2 protein chains.
Amino acid sequence: MRSLPTLRQLRFLVAVVDRCHFGRAAEFCLVSQSTLSAAIQELEDVLGVPLIERTRRSVVPTLVGLEVAERARAVLRDAEDLVDVAMAVHDPMSGPLHLGVIPTVGPFVLPRLLPSLWQAFPDLKIYLREEQSAPLLARLGNGQLDAVLIALPFQTDDLDLSVVASDRFSLVVPKGHRLGRQTAVAGKDLAHEDVLFLEDGHCMREHALAACSFDGGRRDSAFAGTSLLTLVQMVASGLGITLVPQTAIESGLLQALDVTIVPFVEEAPARKIALGWRKASSRKETFRLLAAKLEECLAR
Amino acid sequence: MRSLPTLRQLRFLVAVVDRCHFGRAAEFCLVSQSTLSAAIQELEDVLGVPLIERTRRSVVPTLVGLEVAERARAVLRDAEDLVDVAMAVHDPMSGPLHLGVIPTVGPFVLPRLLPSLWQAFPDLKIYLREEQSAPLLARLGNGQLDAVLIALPFQTDDLDLSVVASDRFSLVVPKGHRLGRQTAVAGKDLAHEDVLFLEDGHCMREHALAACSFDGGRRDSAFAGTSLLTLVQMVASGLGITLVPQTAIESGLLQALDVTIVPFVEEAPARKIALGWRKASSRKETFRLLAAKLEECLAR
DNA sequence: GGATTCTAATCGAAAAAACCGATCAAGAAA
DNA sequence: TTTCTTGATCGGTTTTTTCGATTAGAATCC
């Protein structure tokens, strides 16, 4: 059984490293300077390494001090999360919630969502992570995430899903493009067009491919967009046309771009935005309430 | 500033959850039972939640108790790592080292390597993780791993690499196969054979494809192996032939299989096994010494 | 040059806590 | 019923933590 530093000591260390000043760190930690000073010394004793370089007049963290402080931050954060999780049994809408979001959804719906969520659930600490569906689901599986906001259809196992919105696609063409003069288009109208897609890995690539009536396997992948933003800019430069979801348009993705939006004929292709969580999760109530709120926000 | 539980309390909780017994947990923690009992109660006070269900005669963790204990384990482990890292300044070959290894290397070289490493660097705590190159490099990038053992050629950025071995490929064919009668083969001999490859994502797939003189894009991916082991078993069942690296053969991958090993003619295709770490890492000395030891072990 | 200021370390006393052994209480086993 | 096991409780002791006051070293000001 080895001796560990105290969480309090770690907190003191972080405070000192952040401020490079014992007095102010002590003030911040609500203890006397002598207490803090002694605590840091003891920490250095336990670790057997000087963490702070004190030349009379200046306080500078050692290289090791910086590294240790960085790890201390992580330990403290996890400890706080632990407390939050324990406290959250009293209120499903409190505590930390690590939420993953895909790149074709996050930037466009989160600005609309987050203010409402903060208002509705002020005790919910939402940590966000933006990645593509596959890595997101991996993180969900191993517990690094509590829930994910993804787009369907997508292959998911062992997941509870709650659809919170339907997101129709529209066609975006350069100003003056032949299709821009139509009031609506159908999938087969695109057969001989240069349709640009997101690069592989984005679920929206598959959704868009499915929306067109052909296989995109032979498409020129050198022109695959790395994000919706680059994609529509390529469209504006006349490199081709593309499909964009309604949420992205509403969030102003196309502002100041010389492009024309053409809706699909009725029965427009669409993706579903859904909140997903582990079937085995112990916080289903949290996620159900969250999904309900998301649906309400996105309906407006 | 919120009040956090003590690391000691967390350690006590884990001990109790593991043993479902206060007395034995106290013994393990080298404290009296009353001390431990009081500590658990205080922890429950701080968190405001019962963690342990004490019905007379049985001690069972509550659901929250289990969750909190699981997190407590992580916090404690990270805190210990923090101490180890701090202590490691005195000796580059001590402290925790999180090492990632690819699946076509790990199972075949680690059994040979690890005993030597433990002997040479008894203070080095090696944590292992087996994954394909891409996710390994991602983890290396974000600090979840300190170093990776991968196979080259592979696209890597911002990495210091030290080649520790060259690993030649040989051809493996079912017993009685036409090519099994040759003393050596060349890449072009394989042009009309059913060559089996690993599934996409394994870097060895690319290495093997490069070793043959043709593009494998049209190959039947239904027969892509999920591991070297399944691959050679498919070969033994007569489904085709494949390439296997020397290290895997030496570790006994083909034992008790009805297959024939055919070397390539001189200039055999090969992959390089290399240790990689972040260019910005502060432990280069550790990795250099480690790489030297690996090279020495693999040379034998 | 000397007074002043700023800052971290040190010290001693007081307060807080952690800890232990003994004991108690309640259910299980004999 | 008696005994045994086991976690909670209590009282006293030891240890740790904390604070205020003071000291000491360097930069700054006059």
Side-chain angles (χ1 to χ4, degrees), chain A residues 1-62 64-66 68-69 72 76 79, chain B residues 1-62 64-66 68-69 72 76 79:
Chain A
M1 183 79 43
R2 66 197 309 177
S3 91
L4 289 180
T6 310
L7 285 182
R8 167 185 302 264
Q9 289 168 346
L10 296 184
R11 197 149 59 175
F12 289 175
L13 175 69
V14 169
V16 172
V17 168
D18 281 349
R19 294 175 184 64
C20 287
H21 194 288
F22 277 66
R24 278 192 279 283
E27 187 183 7
F28 174 80
C29 295
L30 303 173
V31 295
S32 73
Q33 173 259 316
S34 61
T35 297
L36 182 134
S37 199
I40 296 286
Q41 281 180 60
E42 171 153 356
L43 184 58
E44 290 179 318
D45 277 359
V46 172
L47 300 184
V49 187
L51 301 171
I52 309 280
E53 189 102 9
R54 296 91 138 170
T55 70
R56 293 263 159 223
R57 204 63 182 185
S58 81
V59 172
V60 185
T62 316
V64 204
L66 280 176
V68 171
L76 289 168
Chain B
M1 185 77 42
R2 65 194 314 174
S3 92
L4 290 180
T6 310
L7 284 182
R8 166 186 304 263
Q9 289 168 346
L10 296 185
R11 197 147 61 176
F12 289 174
L13 175 68
V14 169
V16 172
V17 167
D18 281 348
R19 295 175 181 65
C20 288
H21 192 289
F22 277 65
R24 277 191 278 284
E27 186 183 7
F28 174 80
C29 295
L30 303 172
V31 295
S32 72
Q33 173 259 317
S34 62
T35 297
L36 182 133
S37 198
I40 296 287
Q41 281 180 61
E42 171 153 354
L43 184 58
E44 290 178 318
D45 277 359
V46 172
L47 300 184
V49 187
L51 300 172
I52 309 281
E53 189 101 10
R54 296 91 139 169
T55 69
R56 297 250 162 239
R57 205 61 184 182
S58 81
V59 173
V60 184
T62 60
V64 206
L66 280 175
V68 171
L76 289 168

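Computed from a predicted structure; not experimentally measured. In what follows, chains are A, B, ... by sequence order, proteins preceding strands, each numbered from 1.
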Rounded to whole Å, the CG-C1' distance (A:Asp45 to C:dA9) equals 14 Å
Polar side-chain atom of A:Thr6 near backbone of A:Gln9 as donor-acceptor pair, under 3.5 Å: no
Would you give the length of the straight line joining atom CG of B:Leu7 to atom CG of A:Leu10, rounded to the nearest 0.5 angstrom? 7.0 Å
Separation of C:dA17 atom C1' from B:Leu43 atom CG, nearest Å, is 16 Å
So does A:Gln41 reach the base of C:dA9 with its side chain, donor to acceptor, closer than 3.5 Å? no
A:Thr35 side-chain N/O to D:dC19 phosphate OP1/OP2 under 4.0 Å: yes
Side chain of A:Gln33, heavy atoms from C-beta onward: which of D:dC19, C:dC20, C:dA8 has the nearest atom to it? C:dA8
Whole angstrom is fine here: how far is it from CZ in A:Arg19 over to C1' in C:dT7? 17 Å
Rounded to the nearest 0.5 Å, what separates atom CG in A:Leu13 from atom CG in A:Asp18? 9.0 Å
From the list D:dT17, D:dG7, C:dC20, which nucleotide is the closest neighbour of the side chain of B:Ser37? D:dG7
Checking D:dG7, C:dA9, D:dC19 against the side chain of A:Ser32 (C-beta onward), the nearest is D:dC19
From D:dT17, D:dA8, C:dA8, nucleotide with atom closest to A:His21 side chain: C:dA8
Rounded to the nearest Å, what distance is computed from the CG atom of residue A:Leu36 to the P atom of nucleotide C:dT10? 14 Å
Measure the spacing between CZ of B:Arg8 and OG1 of B:Thr35 and express it to the nearest 0.5 Å. 8.5 Å
For C:dG21, does the base pair up with any side-chain atom of B:Ser34 as donor and acceptor (N or O, under 3.5 Å, distance only)? yes
Can you measure from CG (A:Leu43) to CZ (A:Phe12) and round to the nearest 0.5 angstrom? 11.0 Å
It should be established whether A:Arg54 places a side-chain nitrogen or oxygen under 4.0 Å from OP1 or OP2 of nucleotide C:dA9. yes
Just call it for B:Arg8: base, sugar-phosphate, or nothing, with non-hydrogen atoms closer than 4.0 Å on any strand. sugar-phosphate
What is the distance, to the nearest angstrom, from the CD1 atom on B:Ile40 to the C1' atom on D:dT6? 15 Å
B:Phe12 CZ to D:dA8 C1': how many Å, rounded? 16 Å
Quick one: A:Glu42 CD to D:dT15 P, roughly how many Å, whole number? 15 Å
Between C1' of C:dT7 and CD of A:Glu27, the distance in whole Å: 14 Å
